[in-house]
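Notes follow once the structure below has been shown.
On a predicted model such as this, the values are computed, not experimentally measured, just so you know.
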Amino acid sequence: FPLFYRTHYEFSELQQVPSVQNKLIFVARSPQELIYRSFFLTSSSLTDPSPSFIKDFLDKYLRAFKVYDSWASQNRVLVFYEDFISQDEEILWNLLEFMEEEPRFWEEYLAYKQDYRSRILDSYKNQHKHNLGGSSSTDGPKEIYYTRNASRETLQYIDSHIKEREPQIWDHYLKRFE
């Protein structure tokens, strides 16, 4: 079976990697989902995050897109988590082509797709367990979509903050989550 490694690089580390010689598979998620996920993992409250929490989070999140934009275009690909869940076959095929890899395990993947999906979702639900209560505690499964109960006002605030701060990033990549 092919192995999948996941790595989180800091902004300063990623800037030091030569983009002409290395390929970047940039995996991102809806900023709203990540803000609420981060908030629920650090807070036992189930209310909306504060504007300062949102601004601090978006500082790091948006810097990563600047690195992606600066990468050699032939050596970068952007994949959103939401697309990977809903269009896994298309995304995987595109990634194989991007990495110039033969689809040696394609038939096996298709045959065991439901098992792979189940294991990935179980792994996701079980990461970052803690005992503070809230949506990711050990007293119940972790949510995958954190914004289901989010206030409309806070979601609009997140969008407007991104639009104002980084309009190009909003227009090119994140507008779809509005």
Please answer whether the main-chain N or O of [Y] pairs with a side-chain N or O of [X] as donor and acceptor at a distance below 3.5 Å.
{"X": "Thr147", "Y": "Ala150", "value": "no"}
{"X": "Ser38", "Y": "Ile35", "value": "no"}
{"X": "Lys163", "Y": "Trp170", "value": "no"}

Should Leu78 and Trp71 be marked as a side chain to side chain contact (heavy atoms under 4.5 Å, CB included) after you check the CA-CA gap, both sets of side-chain angles, and the distance that decides it? CA-CA 11 Å; Leu78 173 63; Trp71 208 270; over 6 Å; no

Could you check whether atom NZ of Lys175 has more than 12 heavy atoms from other residues, nucleotides or ligands sitting under 6.0 Å from it?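 Incorrect, the count does not exceed 12.
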
Considering residues, nucleotides and ligands other than Arg152, do more than 12 of their heavy atoms fall under 6.0 Å from its CZ? no

Closest approach of [X] to [Y] (non-hydrogen atoms, all atoms of both residues):
{"X": "Glu166", "Y": "Leu62", "value": "CG-CD1, 3.9 Å"}
{"X": "Ile158", "Y": "Leu58", "value": "O-CD1, 4.3 Å"}
{"X": "Ser30", "Y": "Tyr61", "value": "C-OH, 4.1 Å"}
{"X": "Tyr36", "Y": "Thr154", "value": "OH-CG2, 3.1 Å"}

Could you check whether any side-chain heavy atom of Tyr81 comes within less than 4.5 Å of a side-chain heavy atom of Glu33, counting everything from C-beta outward?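 Side chain of Tyr81 against side chain of Glu33, heavy atoms only: no contact under 4.5 Å found.
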
Validation row: Phe65, His172 side chains within 4.5 angstrom (heavy atoms):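 Contact flag for Phe65/His172 side chains = no.
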
Got a second to check how far Asp171's CG is from Ile162's CD1, nearest 0.5 Å? 11.5 Å

Test side chain to side chain donor-acceptor pair (under 3.5 Å) on Trp93 and Glu97; report intermediate values, then the result. CA-CA 6 Å; Trp93 195 262; Glu97 286 179 348; 3.1 Å; yes

Can Gln32 and Asp159 be said to form a side chain to side chain donor-acceptor pair (under 3.5 Å), step by step? CA-CA 8 Å; Gln32 297 89 344; Asp159 292 347; 2.4 Å; yes

Could Arg76 and Phe26 be counted as a cation-pi pair, given that NZ or CZ must be under 6.0 Å from the ring centre and within 45° of the axis?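 Cation-pi check for Arg76 and Phe26: fails.
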
If hydrophobic clusters are built from ILVMFWY residues whose side chains come within less than 4.5 Å, do Met99 and Trp106 share one? yes

